[in-house]
Amino acid sequence: MSECLQISLAVCRLGVRTCFRALCCKGPPPARPEYDLVCIGLTGSGKTSLLSRLCSESPEHVVSTTGFSIKAVPFQNAVLNVKELGGADHIRKYWSRYYQGSQGVVFVLDSASSEGDLETARSELHSALRHPQLCTLPFLILASHQDKPAARSAQEVKKYFELEPLARGQRWILQPCSLGDVAALKDSFSRLIQLLEEKDQEAARV
């Protein structure tokens, strides 16, 4: 057998082995990182409905959360374990008991609510932003019910809630949303995941 033929056969065998390893011996894809979030907001703000929409659950089966519930919300690059806390008056005073272990916060407010409810939501958000267990965490603030005629714009919400002076130096995103725009809702959570990843990277460099 000629030397050139021997070399050609060797190259062919190497190619077959490479393809075989690529097709049959490829390991499982790397596990997606998981982040534990706490989701808070007044009753009726839309927390349960928005999370159910992200999980592609039927809106007919949505029941307002009275205590707390946990949903695993999968994304392409991460899994968010969201602990949703009920927003009734008698439950909100216990929110802080469930903050421990959170890596990020989702705060949902009804942008079309009454002035009284909006003021209560403002007070609760201010308390969360200042809380020692949450103040260093990324916040996603969702101004929900944007499809209602009385909805306030994100700019109006930002001004009313005084987010610029209050949350200066903190990681936060304010996004308008509605149940009818799932793409925008997913984009909002993708931006939150980016903040969570950045915080992880900063911690790894320390």
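As the structure is a computational prediction, the values presented were derived from the model and not from experiment.
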Would Tyr99 end up clustered with Phe139 when hydrophobic side chains under 4.5 Å apart are linked, directly or stepwise?
yes
Quick one: are Leu37 and Val105 in side-chain contact, heavy atoms under 4.5 Å?
no
Could you tell me whether Lys71 atom NZ has more than 12 heavy atoms of other residues or ligands within 6.0 Å of it?
yes
Arg130/Glu124 ion pair, N-O < 4.0 Å:
no
Is a side-chain donor-acceptor pair under 3.5 Å present for Gln146 with Ser111?
yes
Separation of Leu185 CG from Leu54 CG (nearest 0.5 Å):
4.0 Å
Electrostatic pair Arg171:Glu202 at N-O distance under 4.0 angstrom:
yes
Are any of the side-chain heavy atoms of Cys39 and Val108 separated by less than 4.5 Å?
yes
Is the closest basic N to carboxylate O distance between Lys159 and Glu164 below 4.0 Å?
no
How long is the gap from OG on Ser153 to NZ on Lys158, to the nearest 0.5 Å?
10.0 Å
Single-linkage hydrophobic cluster, 4.5 Å side-chain cutoff, Leu129 and Leu142 together:
no
Tell me yes or no: between the side chains of Thr48 and Glu84, is some donor less than 3.5 Å from an acceptor?
yes
When the ring centroid of Tyr98 is compared with that of Phe68, is the distance short of 6.0 Å?
yes
Might you work through the side chain to side chain contact (heavy atoms under 4.5 Å, CB included) test for Val157 and Gln155, ending with a clear yes or no?
CA-CA 5 Å; Val157 169; Gln155 190 62 34; over 6 Å; no
Side-chain donor/acceptor of Trp95 to backbone N/O of Gly87, under 3.5 Å:
no
Do Leu140 and Leu80 land in one hydrophobic cluster if side-chain heavy atoms of ILVMFWY residues count as linked below 4.5 Å?
yes
Say whether Ile70 and Leu51 are linked into one hydrophobic cluster, either directly or through other cluster members, by side-chain heavy-atom distances under 4.5 angstrom.
no
Which atom names give the shortest non-hydrogen contact between Ser144 and Asp110, and what distance separates them?
OG-CA, 3.7 Å
Using the ring of each side chain (for Trp, its six-membered ring), is Phe75 parallel, tilted or perpendicular to Phe189, with breaks at 30° and 60°?
parallel
Separation between CG (Leu179) and CG (Leu50), nearest 0.5 Å, reads 5.5 Å
Please check this pair: side chain of Arg152 against backbone of Ser113, looking for a donor-acceptor N/O pair closer than 3.5 Å.
yes
For residues Ala112 and His145, report the shortest heavy-atom separation together with the two atoms involved.
CB-O, 4.3 Å
Quick one: closest heavy-atom pair of Leu137 and Ser102, and the distance?
CD1-O, 3.4 Å
I'd like to know if the side chain of Tyr160 pairs up with that of Glu119 as donor and acceptor (distance under 3.5 Å, no hydrogens or angles considered).
yes
Do the side chains of Val106 and Val38 get nearer than 4.5 Å, heavy atoms only?
no
What's the shortest heavy-atom distance between Gly86 and Ile91, and which atoms?
O-CG2, 3.4 Å
Interatomic spacing from CG in Leu192 to CD in Glu197 - rounded to 0.5 Å:
10.0 Å
In Å, rounded to the nearest 0.5 Å, how long is the span from CD of Gln170 to CG of Leu163?
10.0 Å
Please tell me if the side chains of Glu162 and Arg122 come closer than 4.5 Å, counting only heavy atoms from C-beta onward.
yes
Leu134-Ile141 co-clustered via ILVMFWY side chain contacts under 4.5 Å
yes
For Glu34 and Asn81, work out which heavy atoms get closest and say how close.
OE1-ND2, 2.9 Å
Let me confirm one number: the CG-CG distance from Leu174 to Leu109, rounded to the nearest 0.5 Å.
7.5 Å
Tightest non-hydrogen contact, residues Asp36 and Gly101, listed as CB-O, 3.8 Å
If you define the side chain from C-beta out and look only at heavy atoms, does anything of Val79 sit under 4.5 Å from Val73?
no
